[in-house]
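Here is how names work: the chains are called A, B, and so on, in the same order as the sequence lines, proteins then strands, and each is numbered from 1.
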Protein chains: 2
Amino acid sequence: MHSGQKQELASLTGRLRRESRKITGPRAAILEILRHHPHPLTNKEIFAELPKGGGDLATIYRAMQLLEKLGMVKRFDFGDGTARFELVGEGDDGHHHHLICTRCAGVVEIAECFPEEIERRIARTNGYAGVTHRLEFFGICPDCQQ
Amino acid sequence: MHSGQKQELASLTGRLRRESRKITGPRAAILEILRHHPHPLTNKEIFAELPKGGGDLATIYRAMQLLEKLGMVKRFDFGDGTARFELVGEGDDGHHHHLICTRCAGVVEIAECFPEEIERRIARTNGYAGVTHRLEFFGICPDCQQ
DNA sequence: GCATCAATTGCAAATCATTCGCAACTGAAT
DNA sequence: ATTCAGTTGCGAATGATTTGCAATTGATGC
């Protein structure tokens, strides 16, 4: 998540419970991992962080799908064909963007967002409702510039 | 392409020739199809437009890779795990965005772009070089709103 | 505590988009 | 017409993601 301090695990499990979902070993472990990582993680990366025998890759895929549906994680697409996920703070919608190094894949979180009034104009002009956007920046980070 | 009138096929084949690439049946057919479609097409869609026996899907994948490298087509990512391509006008870099209906997948081309000065500031603030962005809008089109 | 049952997991097989190896083929230049 | 690098068609390999299914396991009520 990007909004600041780590969420309590209790707050996370509470959200699951409210949906009559089970707090299982794999899910708790996944949430723990996400809670400790400030950057978007791929399912494989989460899998690698899991203690051996701590869960199956398919379980992670299913967990992320559920967590995304519940709005607890946000899916990001860096254009490399692999989904990445970040924990979303309660009350937050997790909307933000990233600046990704095309050499080392380093990620920086970006506060700036596409101007709302322009988005509204785009929506109005074309008659579209509920318009949102997906935006990511790419470049070469300081280290990779040599 | 988005910049206006259709390009002459001759101009396209000329660009290939300049790179000592062959103007083969499949490639000519693909360029013809792209020339007649104002919207981003998936490789499968291109394949479907091809006359039966007019080419293999793998050939299309290879052709799009080549055309992208030569800057003749631009790849777009609508976040559904399938690449889409649009012809790029000569002298143009093809940079533009889309507004995609999440119900019917209808696509509208958007002229607006992320403000350059903000992008520059993002690049400078983080020390990144050669910063670009990927931006697409999503919403529900007039027809799909009922 | 313990039974109960839906939710969940592990594992393997199935999908999907995309890439690759390779022998056969074909433009383009001579 | 000859020649050869660039291409194609196939089928097999990848890689990410999904799914079927039987076995397990939280959460709830007693």
Side-chain angles (χ1 to χ4, degrees), chain A residues 9-10 12-33 40-70 72-85 105, chain B residues 9-10 12-33 40-70 72-85 105:
Chain A
L9 191 53
L12 291 168
T13 56
R15 284 203 259 171
L16 276 178
R17 235 185 290 280
R18 265 175 253 146
E19 295 279 337
S20 70
R21 298 313 195 133
K22 295 181 181 173
I23 318 296
T24 63
R27 285 182 186 167
I30 290 169
L31 289 173
E32 258 316 293
I33 291 167
L41 293 180
T42 65
N43 283 344
K44 236 181 206 158
E45 288 168 341
I46 294 172
F47 183 56
E49 295 279 323
L50 233 42
K52 42 265 148 253
D56 189 76
L57 189 51
T59 298
I60 299 182
Y61 273 96
R62 282 185 284 229
M64 300 321 287
Q65 231 165 50
L66 172 68
L67 294 176
E68 185 187 17
K69 183 161 49 120
L70 300 187
M72 294 176 59
V73 302
K74 186 149 175 64
R75 175 188 302 256
F76 289 98
D77 177 2
F78 289 0
D80 66 347
T82 311
R84 276 155 228 268
F85 300 88
Chain B
L9 191 51
L12 291 168
T13 57
R15 284 203 259 172
L16 275 178
R17 234 185 291 280
R18 265 174 255 149
E19 295 279 338
S20 72
R21 297 312 194 136
K22 294 180 181 173
I23 319 297
T24 62
R27 286 182 185 168
I30 290 170
L31 289 173
E32 256 319 290
I33 291 166
L41 293 180
T42 65
N43 283 343
K44 237 183 206 155
E45 288 167 342
I46 294 173
F47 183 57
E49 294 279 323
L50 233 41
K52 41 269 148 244
D56 188 76
L57 188 52
T59 299
I60 299 182
Y61 273 95
R62 281 186 284 230
M64 300 320 287
Q65 233 166 49
L66 172 67
L67 295 175
E68 185 187 18
K69 183 159 51 120
L70 300 187
M72 294 176 59
V73 303
K74 186 150 175 63
R75 176 189 301 257
F76 288 99
D77 178 1
F78 288 1
D80 66 347
T82 311
R84 276 155 229 267
F85 300 89

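- One can place CD1 of B:I46 at 11 Å from P of C:dT18, the figure rounded to the nearest angstrom.
- Side-chain to base pairing of B:R62 with C:dG21: one donor and one acceptor N or O lie within less than 3.5 Å of each other.
- With sequence neighbours excluded, the residues forming a salt bridge (Lys or Arg N to Asp or Glu O under 4.0 Å) with B:R84 are B:D80, listed by chain and number.
- Atom CZ of B:R84 is separated from atom C1' of C:dT18 by 15 Å (rounded to the nearest Å).
- Under the side chain to side chain contact (heavy atoms under 4.5 Å, CB included) test applied with A:L31, the options A:I23, A:V73, A:L12 reduce to a single match, A:L12.
- At D:dA5, none of the side-chain N or O atoms of B:K22 fall inside 4.0 Å of OP1 or OP2 (strictly under the cut-off).
- At distances below 3.5 Å, not a single donor-acceptor pair connects side-chain atoms of B:E19 with backbone N or O atoms of B:L16.
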Secondary-structure notation, DNA chain D, from Watson-Crick and G-U pairs under 3.5 angstrom (| other strand): ||||||||||||.|||.|||||||||||||

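- Rounding to the nearest 0.5 angstrom, the gap separating the CZ atom in B:F85 from the CG atom in B:L67 is 9.0 Å.
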Pair A:I46-A:M64, side chain to side chain contact (heavy atoms under 4.5 Å, CB included): steps then yes or no: CA-CA 10 Å; A:I46 294 172; A:M64 300 321 287; 4.1 Å; yes

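- A distance of 5.0 Å separates CG of A:L66 from CZ of A:R27, quoted to the nearest 0.5 Å.
- In this structure, CD1 of A:I23 is placed 15 Å from C1' of C:dT9, rounded to the nearest angstrom.
- Put simply, CG on A:D56 is 14 Å from P on D:dT25, counting in whole angstrom units.
- Between the CZ atom in A:R21 and the OG1 atom in A:T13 there is a gap of 15.0 Å [rounded to 0.5 Å].
- The CG-P distance, from A:L57 to C:dA13, rounds to 16 Å in whole Å.
- Considering OG1 of A:T82 and CG of A:D77, their distance stands at 9.0 Å, rounded to 0.5 Å.
- In this structure, CG of B:L66 is placed 13 Å from P of C:dT19, rounded to the nearest angstrom.
- With rounding to the nearest 0.5 angstrom, the CG atom of B:L41 is 14.5 Å from the CZ atom of B:F47.
- The distance between atom CZ of B:F76 and atom C1' of C:dA17, rounded to the nearest whole Å, is 19 Å.
- Listed pair A:T59 / C:dG10 meets the phosphate criterion, a side-chain N or O lying under 4.0 Å from OP1 or OP2.
- Distance from the side chain of A:T24 is smallest for C:dT9 among the nucleotides C:dT9, C:dC11, C:dC20.
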Audit row: B:D56, B:I60, side chain to side chain contact (heavy atoms under 4.5 Å, CB included) steps and yes/no: CA-CA 7 Å; B:D56 188 76; B:I60 299 182; over 6 Å; no

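- Contacts of residues 25-33 of chain A with DNA chain C (heavy atom under 4.0 Å): A:P26, A:R27.
- Taking the nucleotide of DNA chain C with the nearest heavy atom to each of B:R17 and B:T82, the more 5' of the two is matched to B:T82.
- Here C:dA14 presents its C1' atom at 15 Å from OH of A:Y61, a figure rounded to the nearest Å.
- The side chain of B:R21 has D:dT7 as its nearest neighbour among C:dT19, C:dT9, D:dT7.
- Using a 4.0 Å heavy-atom distance criterion, A:A83 is classed as a sugar-phosphate-only contact.
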